[in-house]
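It should be emphasised that the depicted structure is a prediction, and the values quoted were computed from it without experimental measurement.
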Amino acid sequence: MTQNKGKALIIGAGIAGLSSAYYLLEKGWSVEILEQNDLSNNCSYGNAGMIVPSHFTPLAAPGVVAQGIRWMFDSKSPFYVKPSLNSDLFSWGIKFLKHSNQKHVDRSATAIRDLNLASSILYNEIATKDEFDFDLNQNGILMLYKTEKVAEEEIELAHKATRMGLPVDILDKKDIQELEPNARLDVIGGVNYKCDGHMNPMKLMEQMISYLKKNGVTFHTHHKVTGFEKSGNMIKTIIANDKKFTADRFVMTGGSFLPELAQKAGIKIQLMPGKGYSFMHTPENPVNTLNHAALLLEARVAVTPMNRQIRFGGTMELASHYDKINMKRVEGIIRSIPQYLPDFQIEKPKESEIWFGYRPCAPDGLPYLGQSSQLKNLIIAGGGGMMGLSLGPIFGKTVSELANDQKPTVEIKIFNPERFS
């Protein structure tokens, strides 16, 4: 630790907030965190635990809208937009349509890749510390496909990844099966993004919280922010639970609640919650294990080995926050698994065994990361969408660099948090 630089107050104890605290501590800041819930569960806990430099294509891309419209009429499909007269959803949708083009994809790809690659390196560094053992495995992620159409699309994407300098192997069925000798696969081939990896997100979050507490970070749980007091272009205090919190620098994370927080501070940020589900499966035959994390492409299902179990997750349900489990969405995940992994005949889990969380999805598919131009002592880090966990460390390091008036390690101009203001 270095000499105390001042006090930083972070809103949100997801991976972006915890990582920000981690890197601010390194630079000598005193840190407090406000969290509206407890520390036992948020979107950073139940996700697929993937590190994904392979995800250099933003959610807003050509073909996504047409595919999404087809899926909308299937209650068990991977993608669903809940019909609503919500003006926020309408405004988000218009911007999403505007950005779903090749020009936007080409403009964004390098910046997204660089952000994920930098974050992957930081995960490697964190994992070397004695306090951390979160089952980090940087052996790649398999993109598995069953149809020639998806194979063609994925191979084209793999060639683009190679041109962008990412290590990629295009594999036939035999190659894939050799990588996974303990699980029978019913696919025609796949792509191994060797730049990718996976981890146990629950272990990561628990160890990060423990590390931060041990090193002096104060957590205020069940503290929902209700207001900001400002003086000119500076935040003076944040109000939560009728208490006032002061700081030199403020960091706004907040996951899918980021727009609500930003609005209270007088800033416009557009996000829609993309609800996803996951559950753990223990194979009946312990030999039936997987060596790699994988994405079942046509089904849009994520598969991650964790602690001799496997986490299956998926669906993207765009709607306002509502804390109910839609079992049809879960059934869609379950139905698709044996189509790729025939030995995995999975019974429907109990509702109590199903996790759900909200991916914070920006209308252009890009994160929000940077210094506010309207409030000079506010830094915003969020909107990672399906890359949230993957981007955690680089979010945190960038926050620390901005707080210390340093040039960020990675170029972040395209991620301007006020680009829709």
Side-chain angles (χ1 to χ4, degrees), residues 8-24 33-37 42-45 47 52 55 58-60 88 92 95-96 108 111-112 115-116 118-119 201 205 208 224-225 228 235 238 249-276 316 318 321 357-375 377-403 408 410 412-421:
L9 184 65
I10 298 169
I11 307 172
I15 189 59
L18 298 183
S19 296
S20 296
Y22 178 90
Y23 287 101
L24 285 164
I33 299 177
L34 298 177
E35 169 55 45
Q36 66 178 354
N37 300 307
N42 62 38
C43 199
S44 300
Y45 280 87
N47 61 62
V52 287
H55 285 29
L59 181 62
D88 291 336
W92 186 97
K95 289 182 176 64
F96 185 84
S108 309
I112 300 174
L115 209 60
N116 274 293
S119 209
M205 296 293 288
M208 185 66 81
K224 184 173 182 178
V225 173
F228 292 76
I235 297 173
I238 287 180
R249 292 286 182 125
F250 297 87
V251 181
M252 186 182 290
T253 63
S256 60
F257 294 94
L258 186 56
E260 178 186 325
L261 277 170
Q263 185 178 32
K264 289 172 183 174
I267 296 171
K268 182 179 180 182
I269 288 180
Q270 286 202 294
L271 282 178
M272 284 301 296
K275 193 174 185 179
M316 174 68 82
L318 288 173
H321 294 93
Y358 301 98
R359 307 177 191 90
C361 300
D364 57 0
L366 302 179
Y368 294 109
L369 180 61
Q371 172 76 50
S372 168
S373 62
Q374 300 175 53
L375 296 168
N377 59 346
L378 174 65
I379 301 166
I380 298 168
M386 292 181 288
M387 303 177 292
L389 189 81
S390 181
L391 295 176
I394 194 59
F395 274 8
K397 185 172 184 183
T398 303
V399 164
S400 176
E401 289 166 338
L402 292 172
V410 218
I412 60 169
K413 185 177 180 181
I414 196 172
F415 307 124
N416 175 14
E418 294 163 344
R419 60 186 180 270
F420 294 120
S421 293

Check whether any side-chain N or O of K264 sits under 3.5 Å from a backbone N or O of V225 as a donor-acceptor pair, and report yes or no. yes
Name all residues meeting the salt bridge (Lys or Arg N to Asp or Glu O under 4.0 Å) criterion together with K224; count only those two or more places apart in sequence or in a different chain, and write none if there are none. E260
Check for a donor-acceptor pair, side chain of E35 on one end and backbone N or O of G12 on the other, with a separation under 3.5 Å. no
Closest non-hydrogen atom pair, P408 against T398: CB-CG2, 4.1 Å
When every non-hydrogen atom of I112 is compared with those of M387, the smallest separation belongs to CG2-SD, 3.6 Å
Over all heavy atoms of both residues, which pair between V410 and A118 is shortest? Give the atoms and the distance, please. CG2-CB, 4.0 Å
Sidechain-backbone polar pair: S19 side chain, I15 backbone, donor-acceptor under 3.5 Å: yes
Spatial distance of atom CZ (F250) from atom CG (N377) [nearest 0.5 Å]: 5.5 Å
Any chance CD of Q263 has more than 12 other-residue heavy atoms, nucleotides or ligands included, within less than 6.0 Å? no
Please report the shortest heavy-atom distance between F395 and P367, naming the atom on each side. CZ-CB, 3.7 Å
For K95, all residues meeting salt bridge (Lys or Arg N to Asp or Glu O under 4.0 Å), sequence neighbours excluded: none
Locate the shortest heavy-atom distance separating I412 from G370; write the atom from each residue and the value. CD1-CA, 4.1 Å
Could you tell me whether the side chain of M252 reaches within less than 4.5 Å of the side chain of I379, counting heavy atoms only? no
